[in-house]
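Every value quoted in this text rests on a predicted model; they were computed, and no experiment measured them. FYI, side chains are in, hydrogens and waters are out, and symmetry mates aren't considered; it's all heavy atoms of this structure.
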Amino acid sequence: QVQLVESGGGLVQAGGSLRLSCAASGRTFSSVAMGWFRQAPGKEREFVATISYSGERTYYADSVKGRFTISRDNAKNTQYLQMNSLKPEDTAVYYCAADPVPPHLLRSNKYNYWGQGTQVTVSS
């Protein structure tokens, strides 16, 4: 059974940092892209960042560019999201996703695998 399990969420003050992890099991994802999405209460799920299978190419939503960094360790079948300079508007449930249908890396409905989500709350 394929699973993506996120961890690292929590409560942090504005300006603080968190590092999310997404550990995959059940198959290897080293040959496919992965990504992060988030969903705030009352809003649609939105794209945050994506990373190519090798880790050489990354792409970010404008709202997080320069503050968030996506990375992956294929040996550990894990991807990460380092979040710095957090703002209250970053508050959301963050989801790990994997294996999108190319070239739709920014569209949540094109990813084949999802984690259960981890809550990130940024207080002002």
Side-chain angles (χ1 to χ4, degrees):
Q1 181 181 359
V2 177
Q3 280 190 311
L4 299 177
V5 179
E6 301 98 335
S7 61
L11 173 64
V12 63
Q13 288 188 333
S17 299
L18 284 174
R19 188 193 195 205
L20 305 184
S21 299
C22 171
S25 61
R27 61 157 281 184
T28 178
F29 289 96
S30 59
S31 61
V32 300
M34 299 185 76
W36 290 92
F37 289 77
R38 67 186 183 186
Q39 188 166 16
K43 295 187 177 181
E44 294 187 352
R45 190 169 299 189
E46 66 174 2
F47 167 78
V48 175
T50 186
I51 187 167
S52 64
Y53 72 96
S54 65
E56 292 181 350
R57 294 187 302 277
T58 58
Y59 186 78
Y60 299 90
D62 288 342
S63 58
V64 307
K65 200 173 297 182
R67 300 187 298 120
F68 291 11
T69 302
I70 189 172
S71 62
R72 64 190 297 167
D73 184 339
N74 286 338
K76 296 182 178 180
N77 219 19
T78 300
Q79 72 161 340
Y80 306 94
L81 186 68
Q82 177 66 44
M83 306 185 295
N84 299 328
S85 302
L86 283 161
K87 304 175 181 180
E89 51 263 43
D90 294 319
T91 295
V93 177
Y94 283 71
Y95 296 92
C96 167
D99 193 18
V101 178
H104 307 290
L105 304 186
L106 276 60
R107 295 173 58 180
S108 60
N109 62 348
K110 296 299 184 181
Y111 280 73
N112 288 311
Y113 299 98
W114 288 89
Q116 82 289 349
T118 185
Q119 176 70 48
V120 171
T121 303
V122 184
S123 63
S124 57

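With rounding to the nearest 0.5 Å, the separation of CD in Glu6 from CD in Gln79 is 9.0 Å. The CZ atom of Phe37 sits 10.5 Å away from atom CZ of Arg107, with the distance rounded to the nearest 0.5 Å. Separating the CD atom in Gln3 from the OH atom in Tyr113 is a distance of 12.5 Å, to the nearest 0.5 Å. Atom CZ of Phe47 is separated from atom CZ of Arg38 by 11.0 Å, given to the nearest 0.5 angstrom. Note: Thr50 OG1 to Leu105 CG = 4.5 Å, rounded to the nearest 0.5 Å. Here the straight-line distance linking atom OH of Tyr53 with atom OG of Ser31 works out to 9.0 Å at 0.5 Å rounding.
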Carefully, step by step, assess Trp36 and Met83 under the rule side-chain contact (heavy atoms from CB on, under 4.5 Å).
CA-CA 12 Å; Trp36 290 92; Met83 306 185 295; over 6 Å; no
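Across all non-hydrogen atoms, the minimal contact from Ser63 to Arg67 is O-NH2, 2.8 Å. The shortest heavy-atom contact between Val93 and Gln119 is CG2-OE1, 3.3 Å. Summarising the geometry of Tyr111 relative to Gly35, their closest heavy-atom pair is CE2-N, 4.0 Å, with the distance given to 0.1 Å. When all heavy atoms of Pro100 and Ala33 are compared, the closest pair comes out as CD-O, 3.3 Å. Nearest heavy atom pair, residue Tyr60 against residue Ala49, reads CD2-CB, 3.6 Å. When all heavy atoms of Ala14 and Ser124 are compared, the pair lying nearest together is CB-CA, 4.4 Å.
Linking ILVMFWY side-chain heavy atoms closer than 4.5 Å, directly or via other members, places Leu81 and Val32 in a single hydrophobic cluster. Note: the hydrophobic cluster containing Tyr95 does not contain Met34 (ILVMFWY, side chain heavy atoms under 4.5 Å, direct or indirect links). Cluster membership check: Tyr80 does not share its hydrophobic cluster with Leu86, using side-chain heavy-atom separations under 4.5 Å among Ile, Leu, Val, Met, Phe, Trp and Tyr.
For Arg72 (side chain) and Ser52 (main-chain N/O), a donor-acceptor pair under 3.5 Å exists by modelled atom type. For the pair Asn112 (side chain) and Asp99 (backbone), a donor-acceptor distance under 3.5 Å is present.
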Identify all side-chain donor-acceptor contacts of residues 15-28 below 3.5 Å with residues at least two apart in sequence or on another chain.
{"residue": "Ser17", "atom": "OG", "partner": "Asn84", "partner atom": "OD1", "Å": "2.9"}
{"residue": "Thr28", "atom": "OG1", "partner": "Ser30", "partner atom": "N", "Å": "3.3"}
{"residue": "Thr28", "atom": "OG1", "partner": "Ser30", "partner atom": "OG", "Å": "3.1"}

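Between Tyr94 and Phe68, the ring planes are tilted. Angles from 30° to 60° get that label.
Other residues, nucleotides and ligands contribute only 12 or fewer heavy atoms inside 6.0 Å of the NZ atom of Lys43.
The residues Asp90 and Lys87 are annotated as not salt-bridged, no charged nitrogen and carboxylate oxygen being separated by less than 4.0 angstrom.
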